[in-house]
Amino acid sequence: MAVNFLTNENIWFDKYKYDDAEVQYHRHLHGSVPTNTPVENTARDSPAVQENGASNILRDIARARENIQKSLAGSAIQGADNELCSRVTSLEKENQNLHKEVEELRLTLSKLELRLSTMEKSLTSAKPLVPAPTQPSKPSTKQPEEDDDDLDLFGSSDEEESAESERVREERLRQYAEKKSKKPTLIAKSSILLDVKPWDDETDMAKLEECVRTVQMDGLVWGASKLVPVGYGIRKLQIQCVVEDDKVGTDQLEEQIIQFEDYVQSVDVAAFNKV
């Protein structure tokens, strides 16, 4: 029974052999023990040697980890250096482009300044000379008679000049009034939207609209219209019109439309806008 029980267990009876072989292999790698030394004797009889081999393995593992970390750090630094170099290159290109644009702007500005100075010179050279004011004509000096010692020689000349200036002023005022009268006067207009409500749903809406459009006044122009449902089958008439504010008022429109009592129940202003 005991033998059958052990056969079902997974026991590695030869594990020490493999351990000895591994220790011997590592010793051979590091040159600590000759290869012809029996594995069994060295492995079993010298535990210090086994401990030395294990420490060598640990050192190898640590050295391998250190090399891996250095290689990873070197690759990361190299990637960062490559990225930095690419960014510096792009910045240098942008800087060169900016320098080119600034130089082009400077050239354009210098051309504009030269053109402006040329235009100023041409304007100053083409400026008409202001004529010198004409000297008023001197009155004729006639020898007065001996009996006219108190006569004012320059009185008639002053009166003529004042009359001439008055005539010129009146002529300018008349021209200004004629020019102002020829300008078209602005007529104030308004756009009005009216809600015309019937008595009931049996009201003839076409006849109602016809009656509304028969209202004619000076300064009144009827526009588009439509029927808008109110409820219970009743519809109201919405009609647009344009009126001159000085001639037609909303009260006049409502009074004229409300006279059609057979069709119209009420009139309201739905919208009022200046044109």
Side-chain angles (χ1 to χ4, degrees), residues 105-196 210-225 238-260 267-275:
L105 288 174
R106 285 178 180 174
L107 291 175
T108 306
L109 184 59
S110 62
K111 289 179 181 179
L112 288 175
E113 289 178 351
L114 180 60
R115 192 173 177 183
L116 183 60
S117 62
T118 306
M119 291 177 66
E120 288 178 352
K121 290 180 181 178
S122 62
L123 288 174
T124 53
S125 61
K127 192 172 182 180
L129 297 175
V130 179
T134 58
Q135 300 246 354
S137 61
K138 294 182 179 180
S140 61
T141 57
K142 291 184 180 180
Q143 293 289 336
E145 297 181 358
E146 295 179 358
D147 296 337
D148 298 331
D149 293 336
D150 297 333
L151 182 62
D152 188 5
L153 297 177
F154 301 98
S156 59
S157 177
D158 294 339
E159 290 176 358
E160 289 177 0
E161 290 179 358
S162 62
E164 182 66 20
S165 62
E166 185 68 21
R167 186 183 65 79
V168 172
R169 188 176 67 83
E170 290 178 357
E171 181 66 21
R172 290 179 179 175
L173 288 174
R174 183 181 63 79
Q175 291 177 0
Y176 175 74
E178 290 178 358
K179 186 177 179 180
K180 190 175 181 181
S181 63
K182 290 179 182 178
K183 289 184 178 179
T185 57
L186 183 63
I187 300 173
K189 294 183 180 181
S190 300
S191 175
I192 303 174
L193 182 63
L194 297 174
D195 281 347
V196 184
E210 182 181 353
C211 293
V212 170
R213 290 185 182 273
T214 56
V215 177
Q216 298 293 331
M217 287 185 285
D218 185 18
L220 171 63
V221 178
W222 292 107
S225 63
Q238 276 193 350
I239 186 166
Q240 188 85 21
C241 65
V242 178
V243 300
E244 296 181 11
D245 296 344
D246 295 338
K247 297 179 180 180
V248 182
T250 55
D251 296 336
Q252 295 176 343
L253 279 175
E254 292 178 4
E255 290 175 0
Q256 292 287 334
I257 296 172
I258 204 70
Q259 290 179 0
F260 303 102
V267 181
D268 298 323
V269 177
F272 187 92
N273 297 313
K274 291 288 184 181
V275 179

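One distance of note links CG of L112 with CG of L107; it measures 11.0 Å at 0.5 Å rounding. D195 CG to Q238 CD: the interatomic distance, rounded to the nearest 0.5 Å, is 4.5 Å. With rounding to the nearest 0.5 Å, the separation of OG1 in T250 from CD in E255 is 9.5 Å.
At least one side-chain heavy atom of L220 sits under 4.5 Å from a side-chain heavy atom of L253. In this structure, the side chains of D268 and L194 stay at 4.5 Å or more apart for every pair of heavy atoms.
Residues L114 and T118 share a closest heavy-atom pair of O-OG1, 2.8 Å. Residues I192 and F272 approach most closely at CG1-CD1, 3.6 Å, considering heavy atoms. Minimum heavy-atom separation, C241 to W222: CB-CE3, 3.6 Å. Heavy atoms only, all atoms of each residue included: K189 and D245 are closest at C-OD1, 3.8 Å. The minimum heavy-atom distance linking R213 with A224 is given by the pair NH2-C, 4.2 Å. Scanning all heavy atoms of the two residues, the minimum distance from Q252 to K247 falls at OE1-O, 3.5 Å.
Remark: E170 does not engage R167 in a salt bridge, criterion side-chain N to carboxylate O under 4.0 Å.
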### Task
Please test N273 against S191 for side chain to side chain donor-acceptor pair (under 3.5 Å), starting from the C-alpha separation and ending with a verdict.
CA-CA 5 Å; N273 297 313; S191 175; 5.4 Å; no

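No more than 12 heavy atoms of other residues, nucleotides or ligands sit less than 6.0 Å from atom CZ of R106.
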